Amino acid sequence: MPKYDHKKTEKYWQAKWLKEKIYEPDLKSPRGKGKFYNLMMFPYPSAEGLHVGNVYAFVGSDIYGRYQRMRGYDVFEPIGLDGFGIHSENYALKIGKHPADQAKISEKKFYKQLRAIGNGFAWDEKLETYDPEYYRWTQWIFIQMFKHGLAYRKKQAVNWCPSCLTVLADEQVIAGECERCESKVIKRELEQWFFKITDYAERLLNNLDKIDWSEKIKIAQRNWIGKNTGALIGFKLQATSYKIDVFTTRPDTLFGATYMVLAPEHELIRQLKPQIQNWSGVETYINTAKAKTTEQRIAEGKEKTGVELKGVMAVNPANQKEIPVWVADYVLTGHGTGAIMAVPAHDERDAEFAKKFGLPVSDAPLVDNEEIIKKVGGQKITNYRLRDWLISRQRYWGPPIPMIYCDPPAGGCNWQPVPEEDLPVVLPKVKDFRPTGTDKSPLASVEKFYQTKCPKCGGPARRETDVSDTFLDSAWYYLRYPSVKDKKTPFGPAITKTWLPVDVYIGGAEHAVLHLLYVRFVAMALHDWGLVDFSAKGGEPATRFRAHGLLISGGAKMSKSRGNVVNPDEYIKKYGADVLRMYLMFLGPFDQGGDFRDEGVAGIVRFINRVWSLKEKIASQDSLELNRPLHKSIKKVSEDIAELHYNTAISQLMILSREMENGFSAEQLEIFLKLLAPFAPHITEEIWHSILKNKESIHIAPWPEYNPKLIADEMIDFIIQINGKARGVVTLAQNSTEPEVSAAAQTNANIKKHLADKTIIKTVFVPNRLINFVI
RNA sequence: GCGGGUAUGGUGAAAUGGCAGACACGCAUGGUUUAGGGCCAUGUGGGCGCAAGCCCGUGGAGGUUCAAAUCCUCCUACCCGCACCA
């Protein structure tokens, strides 16, 4: 028997599928049971190529899509590249290539690899975020944000990555480090573009209850949004017209407030300068504090520092007592109001501070929150931890922010959006694309780029030279896929209405408060502007999201520095895509991830070879004994795929393949192959055609249905327990009654032995399962 | 500190409250016209036993139940998210 030639077979079928477009849905009017949008997070081509962790994710998503296609849905499983942005640019910088040139190289390589894994991608709808036809619409979304008041400029202390030489959004700072390069992030006071995601905080939170998303993602988002209800309370300052507003979740501790603290960045401090008797000391403290990085502030731990604002006294509205005001960097700007009332009796941090600086501690009577707020004229408010999304990047490789600044000395029209008909604002291919390290992008030195006319007054004006965050590119890509050939609109209304929202979205949990938050925000905004219509879930982009687990290697996260990155190419070359797919899925539950070790691959290789040898053993008649295991497998495999429990589905197929060695007909083999097809698309297709002589692809053949009559067991092994311990088994007809089972059980020699000289106090009978004698 | 998760053989892992360890790797023994990292069969949690069978066993300590890996309480270890968040 010729050995299975995976190289030849896989190459042949991949080409054929592409040519015959069997994975292309009818986007205009979905066939069969209707549309099924099967989305997976598209990769960012940042390194040498696709790594096996990507393959793990894509295959897991593909199995689900293939299952739905065979069940009769018109499945849309698109693919693209998130190739714009810092990650791709950093890689280009590292290897000394221009990002635009490198993008073309990566594109070729990634697409080649993505074809080799045998997924049912809709290749006709592929997209790349760096394609001007794509980012034209990314820019258009920015303009819509601006027009609806959701894009604005603000000067504030922002996260700056000293290695990537750009600002970052809060979501992209992980434990004080840059999400991309793990450098310590510092704070810089800069004016930047922001998206007002905070306007959607409440909806982003509430909608979580309506969508079927992995619970851990929901929890992470809830924590990130960080809703807090409390009170805003004003403290008047003695002998001035100023007051300090503080946010507190514990208004009942107001009586215990013995001093106040302002963050060093608090604006009021400068305004109070005339009153502050020790101004030079205060100023020195503020400057020192501002110079510290977030990292330093945290590193200093609980050692509190601070300076009193001498000459300034606040009045506690609860008891009219005068209390001193301090400035200290343990109070953070941007959290709450940047000012606190200190209650040492109820707050550990305040207690430490008070102890160190000898401030009085007075315990306070606990009073009802509502009453207190009313009494002191405070107001109940809700505070969120979520910050606005900082969208500017001082980098080259991204979509230029489509805004024009008309300076007051000229027309004075201030910020104007680029007219939509002038989009895209094309990113010029410039020689010097390196980040500058100033607060400007490399485009700021390209005169030809930034010199323009004000779209409003026609006077000389300057383009924004920053580009937008990569996460804006990926925040709407799923909307573009169905409309990728549409040159007039970003997402055609009819086709969007047909295909959206996404039916199942699969991706990594590391995007819980990055991409997965942004994508929801942008969808909601578009929905509110009437641009997309999938209102059932309040503008949610995906009804279902499942996070896959992390694939590690040798017990550690795959990373280039550890040298444990597994390249899928060699495995595909050696064993074939079918084996790699099944091996990855057999490692464990898909949502749990796994450790990639070579050892287990042999089991799958053996299985695939066994499947290949089945074709020699086809009998002319159905094997009646096979019907029960076959139909049980249909049920088990279907249910397992629906739950993404691919490991147990594969295990069932292995069991079934053993059963088949006792004989089967061509029709029975067809059923087996269909069940296996989502996991091993090539070998099943090969046998389906060359041996079973089918004309159409197995991947669009109908999924088998099980016959409930065939799976019911006629004979049941009843477990016989004594005091809950299994002591024997008796095989009786299905639905045998308690007296029947009891009588049969008591003829069992071992049971007799245990029951000798004992009285049965109680008998527990579970139909078709067990009988338990309590003695 | 807060929130979430995980803990089962030598290994990856299965198990609607109902025979713990399916399936697979590895290992052992035997077979095979097996050059090979091939294929087939059997066995494989620990202990006692020729066997039938018995005892112990799902991180630890309790509890609920006829019956617990599974439910409850407390504890331990590890992983993830958030964090001087007022």
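In what follows, chains are A, B, ... by sequence order, proteins preceding strands, each numbered from 1. What you see is a predicted model; the values in this text were computed from it and never measured.
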Nearest to side-chain heavy atoms of [X], which nucleotide of [options]:
| X | options | answer |
| --- | --- | --- |
| A/R385 | B/C82, B/C25, B/C84 | B/C82 |
| A/R727 | B/C54, B/G53, B/G3 | B/C54 |
| A/I719 | B/G26, B/A24, B/C19 | B/C19 |

NA contact type, [X], heavy-atom cut-off 4.0 Å: base, sugar-phosphate, or nothing?
| X | result |
| --- | --- |
| A/V766 | base |
| A/H754 | sugar-phosphate |
| A/D350 | nothing |
| A/L587 | sugar-phosphate |
| A/N772 | base |

field: Pairing annotation in dot-bracket form, given for RNA chain B with Watson-Crick or G-U pairs under 3.5 Å and | for cross-strand partners
entry: (((((((..(((.....[....)))(((((((.....)))))))((((....))))..(((((..]....))))))))))))....
Ring centre gap for A/Y259 and A/F357 strictly below 6.0 Å: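 Ring centres of A/F357 and A/Y259 not closer than 6.0 Å.
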query: Do A/F664 and A/F672 have ring centroids that are under 6.0 Å from one another?
result: no
query: Would you say a side-chain N or O of A/R606 is under 4.0 Å from OP1 or OP2 of B/C39?
result: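 It does, given that an N or O in the side chain of A/R606 lies less than 4.0 Å from OP1 or OP2 of B/C39.
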field: Partners meeting salt bridge (charged side-chain N to carboxylate O under 4.0 Å, His left out) with A/K635 (sequence neighbours left out)
entry: A/E639
